[in-house]
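Everything below concerns the one structure shown next.
We count ligands from 1, going down the list as the structure has it; atoms in each ligand are counted the same way. Scope of the values below: all heavy atoms of this structure, side chains included, with no hydrogens, waters or symmetry mates.
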Amino acid sequence: MKKSLFKCSKGKCQNPAIIHQKYSGLHLCEPHFIEDVERKVKKEIRKQWLIERGDTIAVAMSGGKDSSSLLYLLKKIFHSRTDLEFISIAVDEGIKGFRSVTLRNAEKIAKDLGVELFSFSFKKEFGFTLDEIAAKGFEQAPCTFCGVLRRKVIDRKAKELGATKVATAHNLDDEVQTILINYIRGDIARLSRLRGRRNEFVPRIKPLRGVPEKEVALYALVAGIPISTVQCPYVKLSFRFTVKRMLNEFEMKHPGTKYSLMRGYERMSEFLPKEGRELLKCERCGEASASIICKACEIVERMRDGKN
Ligand code: SF4
Ligand code: ZN
């Protein structure tokens, strides 16, 4: 880590700073940075009433920096809560040279933290890997399929495992990207769904929602959490990637953009229409779905029929 010339801005602290948060104007030393991240996570948990007495929380683990930090943070923050149970769920999408590496990391972290890890794969659940989907050359980017199928596996398995909450590692950047993507597409239904899901699904919680991506990475580094840095070979093909780059450029030129987009969305979300329509049951898998055949089963059929 680079030694900073700046001192920590907190009170009389004389430690050298390890980060300059341009959006807050603060320079923070290592202990104050850790405190700041943990404060943001606790605030998010309080704000959304994310965790209740007796919860069994299934943490969606990929073995990357975000989910590894999330599991570590939850275990640290709630170490004295004997009424809570933590389990973790990993999904192997079947992405050669990538997922097997990060999953090894997930196994190690879960073991170190004493959390049971349940692993599943696209191949076993659906009969094909994401690499096989990508090889079909469908019009949509692989991420579109990956997201739908991964959500499906996590939802289904969390329910089967008796989880009362699913914790995902979405950070501030992920959330703001999703908000902006939905603004660009004018997708009001998705924007409103971001606030919370229907009762048919295990509720999702996002404790890292208030922490910028770079700070999650720095937190993992200073807390000594082993992370894997291999990148998914498909990431650059997604629309999200373009939005991510654009947002990072904005944030660099106008610090605070990400937080202000998030605040703007939160204010606006009160006025978004509530989802009124009853959910249907997917004709194929029998699970709750907005259409007669759910998105995941649609993908399974496309793979079977080879439709583009
Ligand atoms: Fe899946 Fe896209 Fe993430 Fe790769 S980058 S794991 S394809 S969602
Ligand atoms: Zn289905």
Ring geometry between Phe126 and Phe122 (parallel below 30°, tilted from 30 to 60°, perpendicular above 60°): perpendicular
Whether Tyr219 and Tyr72 hold their rings parallel, tilted or perpendicular, with breakpoints at 30° and 60°: perpendicular
For atom 2 (Fe) of ligand 1: protein N/O/S atoms at distances below 2.8 Å: 1
Ligand-residue contact atoms, ligand 1 with Arg99, heavy atoms, under 4.0 Å: 6 (S)
Asn171/Glu215 under side chain to side chain donor-acceptor pair (under 3.5 Å): CA gap, chis, key distance, verdict: CA-CA 9 Å; Asn171 56 45; Glu215 296 188 23; over 6 Å; no
Option from Lys258, Arg240, His170 for which side chain to side chain donor-acceptor pair (under 3.5 Å) with Gln177 holds: Arg240
Neighbour count >12 (heavy atoms, 6.0 Å) for atom NZ, Lys165: yes
Sole candidate of Val222, Ile19, Leu218 that passes side chain to side chain contact (heavy atoms under 4.5 Å, CB included) when paired with Glu30: Val222
Heavy atom of the protein closest to atom 7 (S) of ligand 1 (residue, atom name, distance): Leu130 CD2, 3.5 Å
Nearest non-hydrogen protein atom, atom 3 (Fe) of ligand 1: Arg150 NH1, 4.4 Å
Side chain proximity check, Lys244 to Glu213, heavy atoms < 4.5 angstrom: yes
